[in-house]
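Structure, as structure tokens:
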Amino acid sequence: MKILNQKKIPLLFPMFSLLFMILFAFTLFMSYEYSKQATADVNTFTLAKMRHSYQNTLFTFDNIRSFGVSTYQDPAINYWLITDQRDPLGDADAFKAASRFASLQPFIHSIYLINTKTRKVIDTSRSLQDFSEFQDQGIIRKILEEHPSYISYFNHNVGAESFMAMMIPSTQSTTINAGYLVILLDKAELQKFLLQNEDTIGLQINITNNQKQLILGESFSDNELNDRYYAVPKIPFETIEYAWGKEKKKISSAELPNVQWVMHFIVDEAYLTQNIRQFKQKMTLWCMILMIAMFLLFIWSSRRSLSPFRKISKELQSKLGTNTMQEANGVADIIRNGFTYLMDSLQNMNHSLKDYRNIAKEELLRQWLLQGTIHEQKDNSEVSLLLSSEYLHLAIIRIETYKYFVDTYNYNSRKLLKYAMGNIAREIFHEAGYISDSVDMGSDHIVLLIGAASHTDATPDVYSLLENVGTQIDKWLQLRTSIASSAKVPTQDNLRQLYNDVYELTLLKFFNGETKVYSDKDLEDSFQSEQVYPDQSVLNELIQAIKQSDKKRSTELLDRLLGQLKGVSYTECLFQLQMIVYQIYKSFNKVTTMKESVLEEFRSDRFSSLVDARSWIEEEIVRIMESLSQYQVGGRKGELVQEILDYVHDHLQDPMLSVDTIADHLGFSSSYLRHLFKESTQVTLTDFILMQRIEQVKYLLTETDETITIIASKTGFQTKSHFFSAFKKATGFTPSQYRNHAGDFG
């Protein structure tokens, strides 16, 4: 900046003064507009808060009333309230039902069941008692003296504690009701939920009855205010201004027709807007200071102050080159573009490093699970800390009703949800001090590996944490799961068979419907007695016939299979029927919805003969065939091909990977998958698996120093001879020759 001429200096002051006045006036105008708009927003928010509290209160009391009626209509409770006989079993059933209902609502303190004929009371917080022994004599006197005939709400004190009570009399033809259902509601919880006075400072809410008695909240501190406005409103939320000393307050009220009560609202608008006024003053002051500082900075700045930025721009141009600084005209553009380029480069490096670590960890865990063991490498412990643990637990979290899950979400959404399941599990175990990793095996489940210490048996803790995992997944993801876990095993053990065994444990919930973490003991309990198994070869043929939608063949095989059960005892027959249904549902659990508890179908008396059971199974087979047909023609062929590709990629290390295993995983016949894949990719599925293994071998030969034996094991070849012959046939080189001449293929 050039030095100003002395003749020009006097001309700057009028310009600066005029500019200052304009900016100051603009600041005052903006602060006034802000204050006006903020005050309007506060009033709008307060009215919305009042309407929300009113609607919430209406809904809550309606909900409590409906809940009370539902409780009264429970068969065990209704029978107990009207009976005039002493029945210990009826007492137990009524107490159990009342306790269950009392646990369903957070506002309920306890539930009374009062029978004036037997003069007995059931208190869910205590037990069955006589009238003379019951600690709440006030409610007994109210019933015996007033004989209420309608559902009513009222304040009720038990000792030093105050509750809100709802009473429901039994509906009989007699003039005096025999039984009463009384629900004691926690006033503190109701007040916190409904009124929320502490959440909005400056807004006070309370509820009174028609006799101006306070039900919830705190009484207004001004007696004149209480006497004047504690009346039923003519117009809901009509605002009335009231002078309270030097301050003005606004009063509104609205009737609660479902309980014949009134909600009152008092708004201290001055208190709500005091921050706005303070901010308005601060805004004016700081704008003035800012304008003065800007003028001073404008006068003081010079070429010398800008020289460091020019130096930085030159260094950026020399380091990054002119191509990177495209269309950068000035110093500021050069600096901005340079720093943007550097930050983008750093962010890309961080993302690449993070993605690489996640991919490396997933590949390591899949190799471990599919091959059973893991090859020792010095950097494995850096990829997964589980390898530093001496022992571990292998847990599987399986999604129930997997067909509904597949039909509801597309493929990418399913992967994200399973990723979220793994995150929830890892977070819970991390907070408990465990090392854990999860891996999606591309099916209806994820595997969770949990590190365990050698000096203590932490299995009970692991099981309780897994139960919490299932609860949180159900809460946040709305997914019902079946969870099983192994006992603590050495980290060096073969995990392949353990993985298969634990997955089988998750299917136990299919039989008994019990929500728990299943273990080996549960499997032992299921097979304590001597059992007879169905003919597995005939059962396998039946499953294949279902996959091919051959109804006639399926019927013949079912008759053949069930014909073997005519000479066995009822217990053995029942078990074999359970095993047959179990095997069928297990084979098609990817495309059809499992029932909550199949065993309940056979434990009941619905089947009077084997013929009835056979008809039921035949109906289920037809339903599965229809599901398969809809699944195949449902317009998701492209997604199904993508799922095949991802499954092959995730299980490339598995020596048992084949078209049949993929078909079993997806619930389709092998012939259908071969035809679908060939039609979509012009390559057979078998050739594609081999091509992917060869490409993986090439990558490992050129990018790693691992031995050829380890590479063959990692890529899923069952024998070395097959590995060498397949690789040479595909490339024309042996693995060693390919590695030595890797540079020639660049």
Side-chain angles (χ1 to χ4, degrees), residues 365-374 386 389-400 402 418 421-422 425 429 436-452 457-460 462-463 465-467 469-470 481-529 531 533-534 536 539-540 543 575 578-579 581-587 589-590 594 598-599 650-651 653-658 660-661 664-665:
L365 295 179
R366 287 195 185 96
Q367 174 191 347
W368 198 358
L369 292 169
L370 295 176
Q371 297 184 1
T373 58
I374 192 169
L386 282 171
S389 302
E390 296 184 44
Y391 296 87
L392 58 80
H393 296 268
L394 189 150
I396 290 180
I397 306 173
R398 183 176 64 83
I399 302 171
E400 298 181 20
Y402 191 66
K418 287 192 279 186
M421 289 169 56
F429 277 94
S436 64
D437 276 322
S438 65
V439 58
D440 178 10
M441 299 303 291
S443 182
D444 61 347
H445 64 279
I446 65 171
V447 179
L448 187 66
L449 298 174
I450 309 154
D457 185 4
T459 300
V462 169
Y463 285 175
L465 291 173
L466 286 171
E467 289 179 357
V469 169
T481 57
S482 176
I483 304 177
S485 175
S486 71
K488 183 171 65 177
V489 298
T491 304
Q492 302 303 322
D493 277 9
N494 190 303
L495 297 187
R496 177 59 187 265
Q497 186 58 45
L498 184 64
Y499 166 47
N500 294 334
D501 294 342
V502 175
Y503 182 82
E504 290 290 331
L505 291 176
T506 63
L507 299 176
L508 290 178
K509 187 177 180 181
F510 168 73
F511 283 114
N512 54 39
E514 184 178 0
T515 301
K516 58 181 291 187
V517 177
Y518 290 89
S519 63
D520 292 334
K521 184 178 182 304
D522 298 300
L523 187 62
E524 295 173 3
D525 294 341
S526 300
F527 294 92
Q528 286 181 351
S529 59
Q531 299 161 350
Y533 292 88
Q536 190 62 43
L539 186 56
N540 290 339
I543 292 172
F575 178 77
Q578 295 166 354
M579 291 300 297
V581 175
Y582 168 73
Q583 291 289 342
I584 292 173
Y585 270 100
K586 176 185 173 184
S587 300
N589 64 348
K590 305 297 189 304
M594 284 189 179
V598 174
L599 284 182
D650 293 341
H651 293 75
Q653 300 169 349
D654 188 357
M656 305 304 295
L657 178 64
S658 64
D660 291 334
T661 59
D664 289 339
H665 160 66

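Keep in mind that the numbers below use all heavy atoms, side chains included, and drop hydrogens, waters and symmetry copies. Starting from 1, each residue takes its place in the sequence as its number.
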Exercise. Would Tyr503 and Asp444 count as having a side-chain donor-acceptor pair, cut-off 3.5 Å?
Worked result: yes

I'd like to know if the side chain of [X] reaches the main chain of [Y], judged simply by a donor and an acceptor atom lying under 3.5 Å from each other, with no hydrogens or angles considered.
X	Y	result
Thr506	Ser482	no
His393	Ser486	yes
His651	Met441	yes
Thr491	Ser389	yes

Please report the interatomic distance [atom1]([X]) to [atom2]([Y]), rounded to the nearest 0.5 Å.
X	Y	atom1	atom2	value
Arg366	Asp440	CZ	CG	6.5 Å
Asp650	Leu370	CG	CG	9.0 Å
Gln653	Leu369	CD	CG	9.5 Å
Leu392	Gln492	CG	CD	9.5 Å
Tyr463	Ile483	OH	CD1	12.0 Å

Problem set entry | Working for side chain to side chain contact (heavy atoms under 4.5 Å, CB included), residues Val447 and Leu365 | CA-CA 9 Å; Val447 179; Leu365 295 179; over 6 Å; no

Does [X] have any side-chain hydrogen bond (donor to acceptor under 3.5 Å, both in side chains) partners at least two apart in sequence or in another chain, and if so, which?
X	result
Asn494	none
Ser485	none
Asp660	Ser670

For this session: Would you mind reporting whether Leu466 and Leu448 have side-chain heavy atoms less than 4.5 Å apart?
Result: yes

Exercise. Is there a side-chain contact between Trp368 and Leu449 (heavy atoms, below 4.5 Å)?
Worked result: yes

For this session: Show the numbers, then the answer: is there a side chain to side chain contact (heavy atoms under 4.5 Å, CB included) between Leu495 and Leu498?
Result: CA-CA 5 Å; Leu495 297 187; Leu498 184 64; 3.9 Å; yes

Exercise. What are the two closest non-hydrogen atoms of Ile396 and Leu394, and how far apart are they?
Worked result: CG1-CD2, 4.0 Å

Seminar exercise, completed: On a heavy-atom basis, the closest approach of Ile397 and Ala425 is CD1-CB, 4.4 Å

For this session: Run the numbers on Lys418 and Ile399 for side chain to side chain contact (heavy atoms under 4.5 Å, CB included), then give the verdict.
Result: CA-CA 9 Å; Lys418 287 192 279 186; Ile399 302 171; 4.0 Å; yes

For this session: In plain terms, say whether Arg496 and Asp654 are close enough for a salt bridge, that is, a side-chain N and a carboxylate O under 4.0 Å apart.
Result: yes

